[in-house]
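Some notes on the structure that comes next.
What you see below is based on every heavy atom in this structure, not just the backbone, and it leaves out hydrogens, waters and symmetry mates.
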Amino acid sequence: MIELSDIHKTYRAGSGEVAALRGIDLRVAAGEVFGVIGQSGAGKSSLIRMINLLERPTAGRVTVDGVDAASLDAAGLRGLRRRIGMIFQHFNLLSSKTVVENVAFPLQLEGRLAREDIRARALALLDRVDLADQADKYPAQLSGGQKQRVGVARALACEPKILLCDEATSALDPETTRQVLRLLRELNGELGLTIVLITHEMDVIRRVCDRVAVLEAGRVVEQGVVADVFLSPRHATTRRLIEEGGDADDAGAGGPGAGRTVRLTYRGETTYAPLLGRIARETGVDYSILGGRVAHIRDLPYGQLTLALVGGDVDAALAQFAAAGVAVEEIDR
Amino acid sequence: MSAAGSALFANVDWAEIGRAGVDTLAMLGGSLVLTVAVGLPLGVLLFLTGRGQLLAQPLAHGLLSVLVNVLRSVPFIILLIVMIPVTVVLVGTSLGVPGAIPPLVVGAAPFFARLVESALREVDRGVIEAAQAMGASPRQIVFDALLPEATPGILAAATVTAIALVSYTAMAGVVGAGGLGDLAVRFGYQRFQTDVMVVTVALLLVLVQVLQMIGDRAVAHFSRR
């Protein structure tokens with residue numbers, strides 16, 4: 001669906017040059033939700049703008065839906081952009097137009113439908129994002145979450161197959177963030193919409209993405225299925241991002257305690273299985289819990305526990321956990 | 001000079017004041033419409049050709065900018081006189097209300113253009129980016145996004161410009177254009193007829209107040225923030 005090959009982007013800044021992207025290779029499949037996470041300055045916002053060519057790569061190839069984007073002329077590029085919706089951190093609604101006029105705006109630019117049809121379609125979209133009753137208000141009269149939902153409705157006006165989300169929830173509070181993320185997930189399911197989002201919050205990735213790429217200093221340092229990257233991060237940046245999100249579980253793992261420290265990672269249904277007590281009884285191992293959490297990655301339940309194991313047959317216990325499908329990782333203290 | 005009215009305004013010829021008022025309004029109306037007609041596109045071009053903007057053209061921007069600055073730095077009274085040959089070509093005469101309008105427009109349009117440029121700079125860049133992301137052409141971005149978003153700022157700019165034009169018209173007496181300002185200078189100042197001065201200045205004050213009020217109302221009407 002979207003393919004970025006060896007993308008470089010260099011900006012001229014004063015006398016020198018700044019490399020924002022240094023050789024990015026990404027492939028986003030149709031219908032998936034793909035997240036790009038990184039700290040500010042990592043090159044996320046340049047990266048997402050490569051897809052609809054709001055910024056042009058200094059080198060490399062952008063292919064969208066089988067078309068080499070750089071080969072398009074001005075009219076072709078405008079056509080491509082109409083097939084790619086985009087929402088923004090600061091919503092970027094037109095303050096001079098009402099909510100329904102904002103949603104109608106891309107259709108009006110396209111100039112294909114009649115006036116009444118445009119309005120009808122805009123109203124239908126507003127209804128989809130539960131804002132039909134706000135149609136004739138101005139954006140300044142709405143809350144942040146409502147504005148972003150107008151942004152989503154507007155982005156969907158031309159029935160795009162791809163939706164780009166540029167830090168779409170970074171200006172929202174946690175509750176409205178959840179609402180907007182839920183909406184994105186629903187749209188992904190209902191319309192088969194391919195979504196590419198950039199964020200600096202691991203929580204956003206955990207809630208909606210299928211796959212994730214971790215960006216640092218213009219390079220992809222780790223990518224893969226969200227559960228894999230999230231539960232066993234390999235790169236230091238990934239680990240730091242997970243910790244910043246408050247999603248690390250081994251905060252207390254440095255405390256005093258005898259025995260061996262292990263981290264157990266459960267995925268799916270084993271999360272809810274009463275394994276720990278049974279295995280402890282059978283192997284005579286005693287345990288103290290140093291840290292842990294049970295949560296969801298998209299719809300996948302998972303649990304992570306950091307334990308100190310004392311006495312009994314620790315090796316047998318670890319083997320039993322592994323046999324039950326729990327990932328076991330021993331931690332040095 | 002017939003002494004109409006009370007002794008308090010012994011020198012005031014109300015018919016003359018009326019004619020002068022009409023002249024001022026005619027100069028103001030004519031020059032304001034043309035100033036907007038010339039200055040608005042000029043301001044849009046200044047903005048669009050600026051660094052990092054939609055149609056960034058450093059050379060064109062530099063030239064336009066110098067032209068605007070040159071015109072803005074010439075004192076209006078000099079402009080009135082220097083413009084005479086051009087004015088004759090444009091409107092067939094360099095005298096009276098028609099003769100005053102070309103120099104008024106040339107004096108005010110660059111000023112208005114700069115104000116328009118800064119009003120456009122106030123438009124959120126994100127809105128322009130969003131329009132681009134929707135596949136808008138540069139033309140659509142200007143007419144469907146930029147100008148509507150900048151409307152309150154442009155109306156405020158037009159109000160400031162209209163009031164500046166009122167004071168420019170006072171100098172238009174040099175080319176025999178008449179008007180209230182001219183009366184104030186010729187009778188009130190040069191002939192020491194203080195009553196004429198007071199009446200004309202009071203009327204100019206009323207005009208400025210009314211213009212500001214209309215401008216503020218228009219800005220408020222179009223503001224959605």
Problem - Most chain B-contacting option - heavy-atom pairs closer than 4.5 Å, from A:P106, A:S96, A:A75 - result: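 Result: the option with the highest number of such pairs is A:S96.
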Exercise for the section: Report the option among A:L80, A:I87, A:L94, A:N52 that has the most heavy-atom pairs separated by less than 4.5 Å from atoms of chain B. Expected result: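 The option with the most such pairs is A:L94.
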Should [X] and [Y] count as an ion pair when the cut-off is N to O under 4.0 Å?
X      : Y      : answer
B:R125 : B:E129 : no
A:R128 : A:E190 : yes
A:R149 : A:D130 : no

Practice task
Check whether the side chains of A:Y11 and A:S46 place a donor and an acceptor atom closer than 3.5 Å, and report yes or no.
Solution key: yes
Problem - Short side-chain donor-acceptor distance under 3.5 Å, A:S95 and B:E149 - result: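 Yes, a side-chain donor-acceptor pair sits under 3.5 Å.
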Exercise for the section: Check whether NZ of the Lys or CZ of the Arg B:R114 lies under 6.0 Å from the centre of the six-membered ring of B:F111 and within 45 degrees of that ring's axis. Expected result: no
Handout entry: Residue part contacting chain A, namely of B:T151, when any heavy atom lies under 4.5 Å
Key =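 It is neither, since no heavy atom gets under 4.5 Å.
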Handout entry: Proximity breakdown for B:D124 and chain A, heavy-atom pairs closer than 4.5 Å
Key = side chain
Let me know if [X] has heavy atoms under 4.5 Å from chain B in its side chain, its backbone, both or neither.
X     : result
A:L54 : side chain
A:L93 : backbone
A:I84 : backbone
A:R49 : side chain

